[in-house]
Amino acid sequence: MIRTRQLAYQYPGGPALRFDDIDVPQGGVLLLRGASGSGKSTWLALAAGLLTPTAGDITVAGQSLTALGKVAGDAWRAKTIGFLPQKLHLSSALTVHANLAIAQWAAGQAQDDVRIREALTALGVDELAARKPAQLSGGQAQRVALARAVLLQPKVILADEPTASLDDEAATQAVALLQATAMRYGATLVIATHDARVAANLDDQIGFQPLFLGRQ
Ligand code: ADP
Ligand code: MG
């Protein structure tokens, strides 16, 4: 679940961003919409505990993030948040398998090859495990990044502009894949996008809500 109350963030020397309150139940889908610069990536960083609100509160999976310190925040994020960044940040020198293994290592866990295989299989990229990122298509690389995001079975999946630079068919697939993956893991899904194709492709039957930014 995600709950915000009078959430606000002020960049030093930057804009003051204020966000409408939302309540997303566990397993629900939140679509963050708004023009470029309206604060979508900032909202995701607040939900991931990467930024601390300058006012208001945000509670994610039962944890208020307002007073979470750096060290506690890092541990909390590793076990709670699966992040699919706009730029995928796969390590080019490492195989697909090793890219997932270092995610376990970074979270302080022992390498678990069974779980890595499970995540890659769930995203349909198991046969690409020995490849390097340069040997993947854009869609394949995104599936690998999503496998990495769900590897630690997060309660919340945050996706930043997941359809940027995808053609219509790939964009449709990416949205369906995100939603199916969140459902498979019982995770709450947040998609931040300025792309109207995402709303058109989301199955809004299930706990769906939109939040439009930049309209105050
Ligand atoms: P979006 O993801 O919707 O495009 P962002 O959250 O990236 O929007 O940015 C929201 C606003 O905050 C923009 O005006 C942007 O210029 C500003 N901003 C983002 N990051 C910083 C930063 N590190 N320092 C100052 N201003 C920033
Ligand atoms: Mg952004």
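Ligands are counted one by one from 1 in listed order, and the atoms in each one are counted from 1 as well. Both backbone and side-chain heavy atoms feed into the values below; hydrogens, waters and symmetry mates do not.
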### Query
Within the structure, does G37 bring an N/O atom to less than 3.5 angstrom of an N/O atom in ligand 1?
yes
### Message
Any nitrogen or oxygen of G39, side chain or backbone, less than 3.5 Å from one on ligand 1?
### Response
yes
### Task
Might you check, step by step, whether the distance between atom 15 (C) of ligand 1 and some protein heavy atom is under 4.0 Å?
no
### Query
Does the protein put a heavy atom less than 4.0 Å from atom 3 (O) of ligand 1?
yes
## Note on the structure
shortest atom 6 (O) of ligand 1-to-protein heavy-atom contact is with T42 OG1, 2.5 Å
### Task
Tell me which protein heavy atom sits closest to atom 7 (O) of ligand 1, plus the residue, atom name and distance to 0.1 Å.
S41 CB, 3.7 Å
### Task
Can you sort out which atoms of ligand 1 are near P15, meaning under 4.0 Å from one of its heavy atoms?
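In order of number, 11 (C), 12 (O), 14 (O), 17 (C), 26 (N).
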### Message
Using the side-chain contact (heavy atoms from CB on, under 4.5 Å) definition, which of the options V60, I157, L30 pairs with V190?
### Response
L30
### Query
Do any of the N, O or S atoms of Q86 sit under 2.8 Å from the Mg ion (ligand 2)?
no
### Query
So, D160 and K40, do they make that salt bridge, N to O below 4.0 Å?
no
### Query
Does the pair D74/K70 count as a salt bridge with the N-to-O cut at 4.0 Å?
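Looking at K70 together with D74, the answer is yes, because their closest N to O distance falls below 4.0 Å.
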### Query
For ligand 1, is there an atom lying under 4.0 Å from some heavy atom of S36?
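Yes, S36 has heavy atoms under 4.0 Å from ligand 1.
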### Query
Is it true that A35 lies under 4.0 Å from ligand 1, counting heavy atoms only?
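Contact present.
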Shared hydrophobic cluster, [X] / [Y] (ILVMFWY, side-chain heavy atoms < 4.5 Å):
{"X": "M1", "Y": "M183", "value": "no"}
{"X": "Y185", "Y": "V175", "value": "yes"}
{"X": "L189", "Y": "L177", "value": "yes"}

### Query
So does Q26 have more than 12 non-hydrogen atoms from other groups sitting under 6.0 Å from CD?
yes
### Query
Should one rank Y11, Y9, W43 by closest heavy-atom distance to atom 23 (N) of ligand 1, which comes out on top?
Y11
### Message
If I take atom CG from residue D168 and atom CD from residue Q173, how far apart are they, to the nearest 0.5 angstrom?
### Response
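Output value for this atom pair is 11.5 Å.
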